[in-house]
Amino acid sequence: MVKKMMLSILKALIPLYGDAYRFRALLRLREICRKKNITWLAICIKNYFLHKFGCELSIYAEISPRALFMHTTGVVIGEGVVIEEGVKIYSGVVCGRKDINNVNDYPIIKKNAILGTGCKVLGKVEVGQNCIIGANSVVMTSTDSGTWCGAPARKVIRRV
């Protein structure tokens, strides 16, 4: 009963312009709920994301509303992750801890980074500004700007 009521309220608040606009508006609303400590509404939005878009975004993750989710299916973002503005996230991306014993070891994704399809960013790492992480790469150490690929991820050096 409560779930149906919350979904109807969310649909009434957000015009039906399309899924991408709805996703970004809900992401903005989720971030406001996180900052104001309105957990019940944040949990409703999280469940809506999981049901409608197939992605699991923790209510405690700090995600900029200006981050772009290119494809949302299979995206998992843990509770301590920080994602800054301009980050592009493709399907199947996982950002979280690499060890369940280290409670505060979550990644920080800097501005304008690109996380390719299926990449994993694990542990207390910092993905640098304007960094590109290739598809199916596993990042377990901090990266600077440039292109990183592989498992474990290594910087790709371009030869001219």
Side-chain angles (χ1 to χ4, degrees), residues 1-98 100 102-139 142-143 145:
M1 177 71 177
V2 174
K3 185 176 177 181
K4 286 183 180 179
M5 183 180 72
M6 288 308 304
L7 285 175
S8 63
I9 290 171
L10 287 174
K11 287 181 181 178
L13 289 174
I14 301 166
L16 301 173
Y17 292 121
D19 284 343
Y21 293 108
R22 189 177 304 123
F23 186 87
R24 293 190 75 187
L26 282 172
L27 192 62
R28 189 174 302 262
L29 182 61
R30 188 200 71 87
E31 192 62 21
I32 291 168
C33 291
R34 186 190 66 79
K35 288 179 182 174
K36 303 262 185 198
N37 220 6
I38 308 171
T39 52
W40 65 272
L41 184 57
I43 290 171
C44 290
I45 294 170
K46 175 190 175 199
N47 290 334
Y48 182 76
F49 280 153
L50 188 59
H51 174 73
K52 176 73 176 168
F53 299 104
C55 64
E56 186 166 347
L57 310 177
S58 173
I59 62 171
Y60 301 111
E62 193 175 324
I63 303 170
S64 170
R66 294 179 186 238
L68 297 173
F69 286 78
M70 305 308 280
H71 303 285
T72 58
T73 306
V75 174
V76 178
I77 296 180
E79 62 189 39
V81 177
V82 176
I83 297 177
E84 295 182 358
E85 63 184 45
V87 174
K88 289 184 181 178
I89 299 173
Y90 288 86
S91 64
V93 171
V94 176
C95 296
R97 300 186 291 194
K98 65 179 174 181
I100 60 171
N102 297 336
V103 179
N104 296 322
D105 288 351
Y106 286 97
I108 299 171
I109 315 295
K110 296 289 187 180
K111 293 180 180 179
N112 301 322
I114 297 174
L115 303 178
T117 302
C119 78
K120 298 356 176 211
V121 183
L122 304 172
K124 191 170 187 168
V125 299
E126 189 172 297
V127 175
Q129 192 169 345
N130 300 320
C131 183
I132 300 170
I133 307 297
N136 294 322
S137 298
V138 179
V139 178
S142 294
T143 64
S145 62

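Predicted model, so just to flag it, every value in this text is computed and none were measured.
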> What's the shortest heavy-atom distance between Arg66 and Arg24, and which atoms?
Replying inline: CA-NH2, 3.7 Å
> At what distance, to the nearest 0.5 angstrom, does CG of Leu29 lie from CG of Leu27?
Replying inline: 9.5 Å
> Is there a side-chain contact between Glu79 and Tyr106 (heavy atoms, below 4.5 Å)?
Replying inline: yes
> Once you round to the nearest 0.5 Å, how far does CZ of Phe49 lie from CZ of Arg30?
Replying inline: 7.0 Å
>> Working note: Glu31 + Arg34, criterion salt bridge (charged side-chain N to carboxylate O under 4.0 Å, His left out); need CA distance, chi angles, decisive distance, verdict.
In response: CA-CA 5 Å; Glu31 192 62 21; Arg34 186 190 66 79; 2.6 Å; yes
>> Side chains of Tyr60 and Thr39, heavy atoms from C-beta outward: is any pair under 4.5 Å?
In response: yes
> Looking at Cys55 and Phe23, what are the two nearest heavy atoms and their distance?
Replying inline: SG-CE1, 3.9 Å
> What residues form a salt bridge (Lys or Arg N to Asp or Glu O under 4.0 Å) with Glu84, not counting sequence neighbours?
Replying inline: Lys110
>> Testing the basics here: between Cys95 and Val81, what is the closest heavy-atom pair and its distance to 0.1 Å?
In response: O-CG2, 3.6 Å
>> Quick check for you: to the nearest 0.5 Å, what is the distance between Met70 atom CE and Ile114 atom CD1?
In response: 9.0 Å
>> Using every non-hydrogen atom in the two residues, find where Ile77 and Ala61 come nearest and quote the distance to one decimal.
In response: CG2-CB, 3.9 Å
> Does the side chain of Ile63 come within less than 4.5 Å of Leu57's, by heavy atoms?
Replying inline: yes
> How long is the span from the CD atom in Glu85 to the NZ atom in Lys111, to the nearest 0.5 Å?
Replying inline: 5.0 Å
> Rounded to the nearest 0.5 Å, how far does CG of Leu26 lie from SG of Cys44?
Replying inline: 11.0 Å
>> Using side-chain heavy atoms (C-beta onward) and a distance below 4.5 Å, is Arg97 in contact with Val103?
In response: yes
>> Please check: side-chain N/O of Thr72 versus main-chain N/O of Phe53, any donor-acceptor pairing under 3.5 Å?
In response: yes
> Knowing that exactly one of Ile45, Ile43, Leu41 qualifies, which makes a side-chain contact (heavy atoms from CB on, under 4.5 Å) with Ile59?
Replying inline: Ile43
>> Please check this pair: side chain of Ser142 against backbone of Glu126, looking for a donor-acceptor N/O pair closer than 3.5 Å.
In response: yes
> How long is the span from the CD1 atom in Ile89 to the OG1 atom in Thr117, to the nearest 0.5 Å?
Replying inline: 11.5 Å
> If you look at every heavy atom in Val127 and Ala113, which pair is closest and at what distance?
Replying inline: CG1-CB, 4.0 Å
> Thr143 versus Cys131: any side-chain heavy-atom pair under 4.5 Å?
Replying inline: yes
